Structure formats: structure tokens, C-alpha cells
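See structure below.
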Amino acid sequence: MAAFLRSTPVVLKHLSVFSRSFVRQLRPATMSFVRLINAGAHGPRPLKPVIKGETDKEFDDRFEAWFNNEEIDDWELRQGLNVIYGHDLIPEPRIVIAMLRAARRLNDVAMAIRILEAVNEKGANRKDTYDYIIDAVRPTLDELGVSTPEELGLDKVQGAI
């Protein structure tokens, strides 16, 4: 028993040297992983919510280009939607069309319907504003085979059983 107690500090000393060298070896890999996360795991193209001095047309062009990107993935689509929904505005019909096309390219029909629901909510459920947007995007909806929430009966409150 005494021999074990005398050897314990040596074992702990070797263990701490091992763990320090192990951590030093992991540090470059960890730092590159952190850089990857900070850069955005889906590419180094962050979408800035606000650009100082940007005109309304430049804003619309920027978001339309974001959603028209052929290589957009689910994460980038949701990032763009979250940024644009965070603004105090109703997106122009051409931006809504770009959003719908991006959702359809990703085969996310549920997201396309959710986009239409969010446009209605952003308009404070004003029927005239929502009807204007739907009329403007109707050809695209028909082309993509996407139904509106009203056509699917999602605008009606359904009772609990």
C-alpha cells in the first residue's frame, strides 16, 4: 500500500503532462472549428440586417438577390426570412416571389405557405394589403403549385377535440 501511495504523485504528474500536451495538440483544431463557426457554418456570406445609407431599391435588390441564389440552403433561407421579418416592413411582391422560389427549390412547400402567412401577419392582417401581395404573386403560386393558406383552410381556427 505504501508503494502505491508513493507512486501516485508520479502517475498524476505524468497524467497532467499528457493532458497538457493533448490540449496543445487539440488547440489548432479547436481554433479552426471556432473560426468555422464564427464565419458561419454555411459559408462566409453573412446577411447584414441594415446597411447604412442603403436606399429602398438597394434593400429590395439585396434581398431579392439573396433569395434568388441558386445555391441557397435551408439555413440561409431561414436566415434571410428572419432578417427580413425583423424589419418593420411588408416585403415587396418581387421579394416574396424570390422567397417562394427559394422555398420551392428546396422542396419546402410548408415554408412557402409559412412565408405567405408571415406576409399576412406583417401586414397586421389587413385584407387589402394581403390581397395586393397575393394578386401580384398569383402567377408564381400557380407556376410552383403552391396553395395559399386560405385555399388550404389554414385561416380558420380549428376547434380542439
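Fair warning: this is a prediction, and the values are worked out from it, not measured in the lab. In this chain, residues are counted from 1 in sequence order.
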Can you tell me how far OG of Ser147 sits from CD1 of Ile113, rounded to the nearest 0.5 angstrom? 6.5 Å

Would you name the heavy atoms of Leu116 and Tyr130 that are closest together and state the gap between them? O-CE1, 3.5 Å

Gly80 to Phe63 - nearest heavy-atom pair and separation: O-CE2, 4.0 Å

Enumerate donor-acceptor pairs with a distance under 3.5 Å from any side-chain N or O in residues 89-99 to protein atoms, sequence neighbours excluded.
residue, atom, partner, partner atom, Å
Arg94, NH1, Asp61, OD1, 3.0
Arg94, NH1, Glu64, OE1, 2.5
Arg94, NH2, Asp61, OD1, 2.9

Distance col, row Asp60:CG vs Ile84:CD1, nearest 0.5 angstrom, shows 7.5 Å

Is there a side chain to side chain contact (heavy atoms under 4.5 Å, CB included) between Ile115 and Phe67? Walk through the geometry before answering. CA-CA 12 Å; Ile115 288 167; Phe67 292 114; over 6 Å; no

So does Glu76 pair up with Arg105, basic N to acidic O under 4.0 Å? no

If you measure from CD on Glu143 to CG on Leu100, what distance do you get to the nearest 0.5 Å? 10.5 Å

Check ion pair Arg114-Glu121 (N to O, under 4.0 angstrom): yes

Is it the case that atom CZ in Arg126 sees more than 12 heavy atoms from other parts of the structure closer than 6.0 Å? no

Closest heavy-atom contact between Ala103 and Leu77? CA-CD2, 4.0 Å

Heavy atoms of other groups near Asp56 CG, more than 12 under 6.0 Å: no

Please report the interatomic distance CD1(Ile133) to CG(Asp128), rounded to the nearest 0.5 Å. 10.5 Å

Pairwise distance CD(Glu150) to CG(Asp155) - rounded to 0.5 angstrom: 5.0 Å

Cationic N near anionic O, under 4.0 Å, Glu117 to Lys122: no

To the nearest 0.5 Å, what is the distance between OG1 on Thr129 and CD1 on Ile134? 12.0 Å

Apply side-chain contact (heavy atoms from CB on, under 4.5 Å) to Arg78 and list each qualifying residue two or more places apart in sequence or on a separate chain. Asp74, Asp108, Met111

Can you tell me if Tyr132 has over 12 outside heavy atoms packed within less than 6.0 Å of its OH? no

